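To start, the structure itself, in structure tokens.
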Amino acid sequence: MRGLIGIATAAALLPATAVSDDGFFGLDLEGTIGEGGFERYAPPLLNPVFNETPHITTEAKPFVAYHDIPDDFLSGGGRVIAAGLQLRAAITERFGLIATLDGYTDVGFDGVLSDDGGFNDLGFGAKYAFIMDPEAGVIATAGLRYQAPIGNLNTDVIGLDGSNIDLNGTGAGYINPFVTALYQTGPVTLQGSVGGQIALSDDNWTFIHASAHASYELDGGFYPFAELNILAPVDGGNSVVNDLGLVNLTGADLADIGASDPRTMVLIGGGLRYRLTDHAIVGVGGEANVTNREDTIYGFRFIADAVIHF
């Protein structure tokens, strides 16, 4: 994490002479973007932890998200507000390091469960573009992440002693192998990813994540987009919530409730990106959960981000 911060910030602070045509201290900071690579870069937005861009980039990506907790959920509703900073560093044209989960989350329930705020787990890894053909508009990348259980977000059933529910920071963490690919033709970009969030202990649940993204470049640097995200359980967890009879409760990316029989979540949404400069693009969007709202912590959510890249 600290190494990525150093790569992402030092190049911006040093004089221009420190970043030569050969890159920064021999690193190819542009990766798959720029001269000889892809000219257009508008990454997905709505599933920032799992829907990884196939591009190899050097960038800083702050984001903030607002999640609505459905009224059908056992708490009678509520909200989740999260903020984080993703970092990526292109080591070569095809190989890069990523840090995609960190930050802070605040949870407020309308009833039954207590409110809390805490730090998120830490997710980091690497990826490699095994197919890269800018002329054909095709790139495909494989990667591997580890999610370290360092978070301290939790809740409990109000008035019930011993009912603590850890929302992160449990078990031995996760490994997350994934593949992500993109096709560009004219102003159209189609991108998709699939992977597995594999729990390394019985406390947490294991699930498959899949995402699809389509965007269209308009004059003036605008990119309207649509996205589909699916989280499908493979194996449930063994958290204390099962002792409370809460076997179907489901959370993902920022929170894992650890229930033994979590539900599939399907989220559909869209939004708009706008390119500010050659090295900065911003975006805002929203998505709604269209399945099992009574058991999942996510009803709908809004996300805004900024991507500053070399």
Side-chain angles (χ1 to χ4, degrees), residues 21 23 27-59 61 86-100 125-145 176-197 208-219 221-231 267-275 277-283 285 287 305 307-310:
D21 292 337
L27 301 179
D28 186 353
L29 296 179
E30 290 186 338
T32 59
I33 307 296
E35 185 176 355
F38 290 79
E39 297 181 355
R40 185 165 69 252
Y41 178 52
L45 186 146
L46 295 178
N47 188 12
V49 175
F50 294 120
N51 191 14
E52 179 69 19
T53 174
H55 283 297
I56 307 300
T57 61
T58 299
E59 67 184 37
K61 180 183 178 182
Q86 297 185 337
L87 297 170
R88 295 172 176 86
I91 305 303
T92 70
E93 183 182 50
R94 290 175 177 255
F95 177 76
L97 303 178
I98 58 175
T100 56
K127 60 183 182 177
Y128 178 78
F130 59 91
I131 297 175
M132 179 183 169
D133 189 344
E135 291 187 2
V138 176
I139 181 172
T141 296
L144 182 67
R145 273 180 295 238
N176 176 219
F178 63 89
V179 176
T180 174
L182 173 149
Y183 172 64
Q184 289 181 339
T185 176
V188 176
T189 296
L190 303 176
Q191 185 255 328
S193 68
V194 63
Q197 180 79 331
I208 294 171
H209 59 84
S211 298
H213 165 97
S215 64
Y216 190 93
E217 182 180 12
L218 301 174
D219 292 340
F222 291 95
Y223 298 81
F225 66 85
E227 293 187 16
L228 168 69
N229 296 299
I230 300 173
L231 304 172
L267 301 106
I268 298 175
L272 183 69
R273 282 203 176 279
Y274 174 66
R275 179 155 291 284
T277 71
D278 289 342
H279 298 283
I281 188 169
V282 296
E287 62 183 345
D305 72 4
V307 184
I308 301 94
H309 61 89
F310 287 90

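A quick note: this is a predicted structure, and the numbers were derived from the prediction, not measured. Any value given below was found using the heavy atoms of this structure, including those in side chains, with hydrogens, waters and symmetry copies removed.
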>> Would Asn51 and His209 count as a side-chain hydrogen bond (donor to acceptor under 3.5 Å, both in side chains) here? Give the steps.
In response: CA-CA 8 Å; Asn51 191 14; His209 59 84; over 6 Å; no

> Considering residues at least two apart in sequence or located in another chain, which fulfil the side-chain contact (heavy atoms from CB on, under 4.5 Å) criterion with Ser215?
Replying inline: Thr189, His213, Phe225

pair [X]-[Y]: side-chain heavy atoms closer than 4.5 Å:
| X | Y | value |
| --- | --- | --- |
| Leu87 | Lys61 | no |
| Arg88 | Thr58 | no |
| Val138 | Leu182 | no |
| Thr57 | Tyr41 | yes |
| Thr100 | Phe50 | no |
| Ile56 | Lys127 | yes |
| Ser193 | Phe178 | no |
| Pro48 | Asp305 | no |

Closest approach of [X] to [Y] (non-hydrogen atoms, all atoms of both residues):
| X | Y | result |
| --- | --- | --- |
| Val307 | Glu59 | CG1-OE1, 3.4 Å |
| Gly283 | Leu45 | C-CD1, 3.4 Å |
| Pro44 | Thr53 | CD-CB, 4.3 Å |
| Ile139 | Pro54 | CD1-O, 3.5 Å |
| Ile281 | Pro43 | CG2-CD, 4.4 Å |
| Gln86 | Val49 | NE2-N, 4.1 Å |

> What pairs meet the salt bridge (charged side-chain N to carboxylate O under 4.0 Å, His left out) rule with one or both residues in residues 129-145, with sequence neighbours excluded?
Replying inline: Glu52-Arg145

> Under the ring pair (Phe, Tyr, Trp, His ring centres under 6.0 Å) test, which residues partner Tyr223, sequence neighbours left out?
Replying inline: none

> Just by distance, with hydrogens left out, do Thr32 and His55 show a side-chain donor and acceptor under 3.5 Å apart?
Replying inline: yes

> Going by distance alone, is a donor N or O of one side chain under 3.5 Å from an acceptor N or O of the other, for Asn47 and Glu227?
Replying inline: no

When rounded to the nearest 0.5 angstrom, what distance separates [atom1] in [X] from [atom2] in [Y]?
| X | Y | atom1 | atom2 | result |
| --- | --- | --- | --- | --- |
| Phe38 | Met132 | CZ | CE | 6.0 Å |
| Ser211 | Ile230 | OG | CD1 | 8.0 Å |
| Glu30 | Phe310 | CD | CZ | 10.0 Å |

Is a donor on one side and an acceptor on the other found under 3.5 Å between the side chain of [X] and the backbone of [Y]?
| X | Y | answer |
| --- | --- | --- |
| Asn176 | Gly196 | yes |
| Thr185 | Val188 | no |
| Gln184 | Arg40 | yes |

> Do Leu46 and Leu267 pass the side chain to side chain contact (heavy atoms under 4.5 Å, CB included) test, and can you show the C-alpha distance, the side-chain angles, and the key distance before you say yes or no?
Replying inline: CA-CA 9 Å; Leu46 295 178; Leu267 301 106; over 6 Å; no

> Does the separation of the ring centres of Phe222 and Tyr274 fall below 6.0 angstrom?
Replying inline: yes

